[in-house]
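Just below is one structure, and these are the notes that go with it.
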Amino acid sequence: MTDRRDIPYRFEPTATAAQLHAAHGDLAAGESSGVQATVAGRLMLRRVQGRLCFGTIDDASGVRIQLFAPAAATPDYEEFCGLSIGDWVGASGEVMKTRRGELSVQVGDWRLLAEARRPFPDKWHGMADTDTRYRQRYVDLWVSPGTREAFEIRSAAVAAIRAELAARGFTEVETPMLHPIPGGAAARPFVTHHNALDCDFYLRVAPELYLKRLIVGGLTHVFELGRIFRNEGLSPRHSPEFTMLELYQAYADYTDMMVLIEELSAAAATAATGGTELEVGERGLDLAPRWRRATMAEVVSEFIGRDLPVTGEPDSPAAADLRREADRLEVATEAGWSAGRILAEIYERRVESEIWDPTFVCDFPVEVSPLARRHRHSDGLAERFEAVAAGRELANAFTELADPDEQRSRFAAQEHRRRGGDSEAMTTDEDYLRALAYGLPPTGGLGLGIDRLVMLLCGTETIRDVVLFPTLRPTAGGGEP
RNA sequence: GCCCCCGUAGCCAAGCCCGGCAAGGCAUCGGACUUUUAAUCCGCAGAUCGUGGGUUCGAAUCCCACCGGGGGCACCA
């Protein structure tokens with residue numbers, strides 16, 4: 001005789017709930033299929049009615065299926081009725097529809113697969129406390145509608161991006177996460193220590209400088225899709241660890257990167273949601289190419305309502321003009337900032353969040369773009385853009401700066417800012433300069449925030465909804481008793 | 001780091017302004033029920049009201065500090 005409480009070492013379902021609904025959904029109410037099936041999942045609902053018991057299990061296949069257990073046919077019926085909501089159960093029997101037309105497996109045999117020793121949340125209200133949802137995601141995934149879906153969207157989007165890049169001949173690589181010199185982005189790093197080498201390392205803030213070393217090394221199409229770490233504030237749009245697609249393509253420039261971002265984003269949206277038209281909050285958004293291209297000067301001028309100067313030394317009339325606008329918009333500036341720096345500040349603080357439809361904001365001031373090549377036509381600007389949608393930055397890209405001498409002077413300018421108290425300014429990476437000295441061909445590169453893209457696909461306002469285990473302050477002992 | 005809001009049973013919650021026995025629902029436990037769909041009906045039990053201090057005859061409620069979360073600012077993508 002089977003001990004139903006004896007957990008088996010192995011269990012073999014023959015069908016998922018989704019498969020059974022697809023194969024037998026057209027059975028008439030009260031009809032039996034004659035087909036045997038074994039299903040397994042978590043018991044989400046249970047209705048005992050005297051000599052009949054109905055259970056609803058969720059097997060994560062997207063739909064639930066009912067277990068129909070008549071006392072006369074179900075072994076250990078009393079014990080079956082005693083199963084708790086949240087228990088994992090496997091059941092075998094004929095696929096049938098009840099008189100009320102609910103597709104079910106009539107339980108001819110069953111096993112307990114795991115006991116829920118802690119009670120599951122309310123079957124109707126679910127889990128409302130965000131703290132508990134994030135800390136106990138293993139419960140949230142079962143009881144909160146949409147949680148699992150968000151991570152399926154995320155998985156589909158990432159898979160689509162990898163497939164698109166493979167089809168274009170890109171090589172996926174993995175570069176160090178432990179960096180002796182933090183580089184590739186203006187951000188404060190996490191610091192850690194290696195005992196055997198007795199030296200500090202920084203968790204990477206960007207893989208950029210390593211990936212460009214690979215272009216020097218002849219890997220002409222490379223990308224890395226992985227976690228990066230920035231020791232900065234948390235917000236609905238910022239997580240200390242987040243996922244970035246970073247990509248470099250030899251012989252390409254930033255206009256090629258625009259096309260690539262459009263195509264990758266549209267492919268990810270289509271794979272994950274079935275189309276490029278999305279709903280974010282109350283508003284619609286379409287990721288289909290072709291996205292708007294506008295210069296930073298244009299979008300800021302539009303916002304303010306008149307043409308603005310773009311470049312100028314700190315003491316120029318252009319800088320004074322922009323400073324007046326910044327003051328009027330209550331954007332703080334510092335003495336010694338060039339016109340471009342002020343323009344970029346106004347853009348970041350006031351304009352970016354107002355841009356809704358997907359837009360490439362192009363031609364950043366060169367002084368805020370230390371790794372981007374100077375614009376081929378416009379003095380004082382760099383061939384750099386950010387992709388913006390729904391008021392949020394999605395991606396950052398440029399035509400890469402390849403000249404080692406100019407790169408050295410750009411690093412020097414960053415060092416100067418660092419000495420001035422800017423803790424996010426870059427430090428000089430001598431080995432990177434050496435790599436450039438071996439020759440970096442014309443190259444386009446991009447960094448695309450995967451979490452931000454998935455947020456658009458899910459229509460959510462908070463990054464924690466697309467991160468399985470968001471960073472939270474640890475609790476004593478790692479959890480409640 | 002600063003500002004605002006929140007924290008009541010395993011879960012969802014009322015009560016808090018205006019101090020006076022801590023509602024209700026789900027889950028659990030016991031009972032009834034042979035086609036349920038958040039099953040229904042009857043009954044039992046379950047609460048250091050986030051933690052600590054203060055005011056008061058009396059504090060979930062008012063005050064202070066701390067812990068945790070959310071939002072905003074700052075910083076950034």
Side-chain angles (χ1 to χ4, degrees), chain A residues 29-30 43-56 64-74 77 81-87 96-104 106 116-136 139-140 142-144 184-189 205-206 228-246 330 332 348-349 352 368 386-388 391-397 422-424 446-453 455 461-464 470-476 479-481:
Chain A
L43 188 68
M44 304 305 286
L45 294 169
R46 194 203 51 195
R47 299 171 289 281
V48 182
Q49 177 146 2
R51 305 298 292 161
L52 288 177
C53 178
F54 302 87
T56 303
R64 295 176 174 185
I65 189 143
Q66 178 167 271
L67 302 181
F68 172 59
T74 302
Y77 176 76
C81 293
L83 288 171
S84 297
I85 287 175
D87 283 348
M96 47 82 75
K97 263 197 183 168
T98 59
R99 284 184 211 162
R100 295 292 175 90
E102 182 75 26
L103 188 70
S104 309
Q106 180 169 331
R117 299 190 189 188
R118 299 180 68 113
F120 244 54
D122 186 290
K123 62 193 175 190
W124 187 245
H125 296 101
M127 228 171 200
D129 184 41
T130 51
D131 185 24
T132 315
R133 287 186 50 221
Y134 299 148
R135 289 189 196 277
Q136 301 182 32
V139 180
D140 184 45
W142 289 104
V143 302
S144 302
R188 290 167 68 178
V205 295
I228 64 181
F229 307 86
R230 297 187 183 177
N231 202 344
E232 282 154 359
L234 291 77
S235 89
R237 290 162 296 284
H238 299 90
S239 169
E241 49 178 309
F242 61 104
T243 301
M244 180 93 104
L245 166 69
E246 215 165 286
E330 295 178 331
E348 295 270 347
R349 301 244 173 255
E352 182 184 85
V368 298
E386 288 185 357
V388 181
R392 306 195 278 254
E393 181 189 337
L394 256 194
N396 181 22
D422 183 347
S423 61
E424 285 159 5
L446 68 85
L448 189 154
I450 296 295
D451 312 83
R452 292 273 179 89
L453 176 63
M455 284 168 70
E461 305 283 337
T462 154
I463 195 168
R464 296 182 188 91
T471 307
L472 297 174
R473 190 179 294 278
T475 53
E480 303 93 311

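Naming convention: chains lettered A, B, ... in sequence-line order (proteins, then strands); numbering from 1 in each chain. We use all heavy atoms of the structure for the numbers below, so side chains are in, but hydrogens, waters and symmetry mates are not.
Under the Watson-Crick or G-U wobble criterion, with both distances below 3.5 Å, B:rA77 is left unpaired in every strand shown. B:rA9: no Watson-Crick or G-U partner with both key distances under 3.5 Å is found in any strand. Here B:rU56 sits opposite no nucleotide as a Watson-Crick or G-U wobble pair (both hydrogen-bonding atom distances under 3.5 Å). Within the shown strands, B:rU51 is the pairing partner of B:rA65 under the Watson-Crick or G-U definition, both distances less than 3.5 Å.
The side-chain contact (heavy atoms from CB on, under 4.5 Å) check on A:Arg47 picks up A:Leu45, A:Phe54, A:Thr56, A:Gln66, with sequence neighbours excluded. The side chain to side chain donor-acceptor pair (under 3.5 Å) check on A:Glu232 picks up nothing, with sequence neighbours excluded. Here A:Arg64 pairs with A:Asp58 under the salt bridge (charged side-chain N to carboxylate O under 4.0 Å, His left out) rule; sequence neighbours left out. Under the rule for a side-chain contact (heavy atoms from CB on, under 4.5 Å), A:Pro119 has no partner lying at least two apart in sequence or in another chain. Residues passing the side chain to side chain donor-acceptor pair (under 3.5 Å) test with A:Gln49: none are found, sequence neighbours excluded. For A:Asp87, there are no side chain to side chain donor-acceptor pair (under 3.5 Å) partners two or more places apart in sequence or in a different chain. For the side-chain contact (heavy atoms from CB on, under 4.5 Å) test, residues two or more places apart in sequence or in another chain that qualify with A:Ser235 are A:Arg237, A:His238. With sequence neighbours excluded, the residues that form a side chain to side chain donor-acceptor pair (under 3.5 Å) with A:Asp131 are A:Arg135.
For the P atoms, the distance linking B:rU55 with B:rC11 amounts to 33 Å, nearest Å. Annotation: B:rG50 and B:rG7 have their P atoms spaced 8 Å apart (nearest Å). B:rA13 and B:rU8 have their C1' atoms separated by 9 Å, given to the nearest Å. The separation of B:rG25 from B:rA14, taken at their P atoms, amounts to 15 Å, rounded to a whole angstrom. Annotation: B:rA77 and B:rG15 have their P atoms spaced 44 Å apart (nearest Å). Nucleotides B:rA60 and B:rU51 have their P atoms positioned 11 Å apart, rounded to a whole Å. Between the P atoms of B:rG1 and B:rG20, the separation comes to 37 Å (whole Å). As rounded to the nearest Å, B:rC29 and B:rA22 have C1' atoms that lie 22 Å from one another.
Across all strands, A:Glu348 comes closer than 4.0 Å to no nucleic acid atom at all (heavy-atom distances). At the heavy-atom level, A:Ala128 lies under 4.0 Å from the strands shown only through sugar-phosphate atoms. If you check every strand for non-hydrogen atoms under 4.0 Å, A:Ala186 touches sugar and phosphate atoms only. If you check every strand for non-hydrogen atoms under 4.0 Å, A:Arg133 touches nothing. Here A:Ser104 lies out of heavy-atom contact (under 4.0 Å) with every strand. Counting any heavy atom pair closer than 4.0 Å across all strands shown, A:Leu45 reaches sugar-phosphate atoms only and no base atom. Within the 4.0 angstrom heavy-atom criterion, no nucleotide atom of any strand lies near A:Gly447.
When each of A:Gly126 and A:Leu394 is assigned the nucleotide of RNA chain B bearing its nearest heavy atom, the one mapping closer to the 5' terminus is A:Gly126.
Summarising the geometry, the separation between CD on A:Glu352 and P on B:rC75 is reported as 13 Å, rounded to the nearest angstrom. Note: CZ (A:Arg118) to C1' (B:rC11) measures 12 Å, nearest angstrom. Between the CG atom of A:Asp140 and the C1' atom of B:rC11 there is a distance of 13 Å, given to the nearest Å. The separation between A:Leu43 atom CG and B:rU37 atom P is 16 Å, rounded to whole Å. Residue A:Arg188 contributes atom CZ, which lies 14 Å from atom P of B:rA77 at whole-angstrom precision. Rounded to whole Å, the distance from CE on A:Met127 to P on B:rC11 is 7 Å.
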Notebook entry, point to check: For every nucleotide of nucleotides 1-7 of chain B, 5' to 3': is a protein heavy atom under 4.0 Å from its base (B), only from its sugar-phosphate (S), or from neither (-)?
Noted result: -------
Next item on the list: Would you give a per-nucleotide map of nucleotides 22-31 of chain B, 5' to 3', where B means the base has a protein non-hydrogen atom under 4.0 Å away, S means only the sugar-phosphate does, and - means neither?
Entry: ---BBSS---
When you compare the protein's N or O atoms with those of nucleotides 66-73 of chain B, which come within less than 3.5 Å of each other, and at what distance?
| unit_1 | atom_1 | unit_2 | atom_2 | d |
| --- | --- | --- | --- | --- |
| B:rG68 | OP1 | A:Arg473 | NE | 3.2 |
| B:rG68 | OP2 | A:Arg473 | NE | 3.4 |
| B:rG68 | O3' | A:Arg135 | NH2 | 2.8 |
| B:rG68 | O2' | A:Asp131 | OD2 | 3.1 |
| B:rG69 | OP1 | A:Arg135 | NH2 | 3.2 |
| B:rG69 | OP1 | A:Arg473 | N | 2.7 |
| B:rG69 | O2' | A:Thr130 | OG1 | 3.1 |
| B:rG70 | OP1 | A:Arg464 | NE | 3.0 |
| B:rG71 | OP2 | A:Arg464 | NH1 | 2.9 |

Could you list the protein-to-nucleotides 32-35 of chain B atom pairs, N/O on both sides, closer than 3.5 Å?
| unit_1 | atom_1 | unit_2 | atom_2 | d |
| --- | --- | --- | --- | --- |
| B:rC33 | N3 | A:Gly50 | N | 3.1 |
| B:rU34 | OP2 | A:Arg51 | N | 3.4 |
| B:rU35 | O2 | A:Arg99 | N | 3.1 |

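Of the candidates A:Cys53, A:Ser84, A:Cys81, A:Cys53 is the only one forming a side chain to side chain contact (heavy atoms under 4.5 Å, CB included) with A:Arg46.
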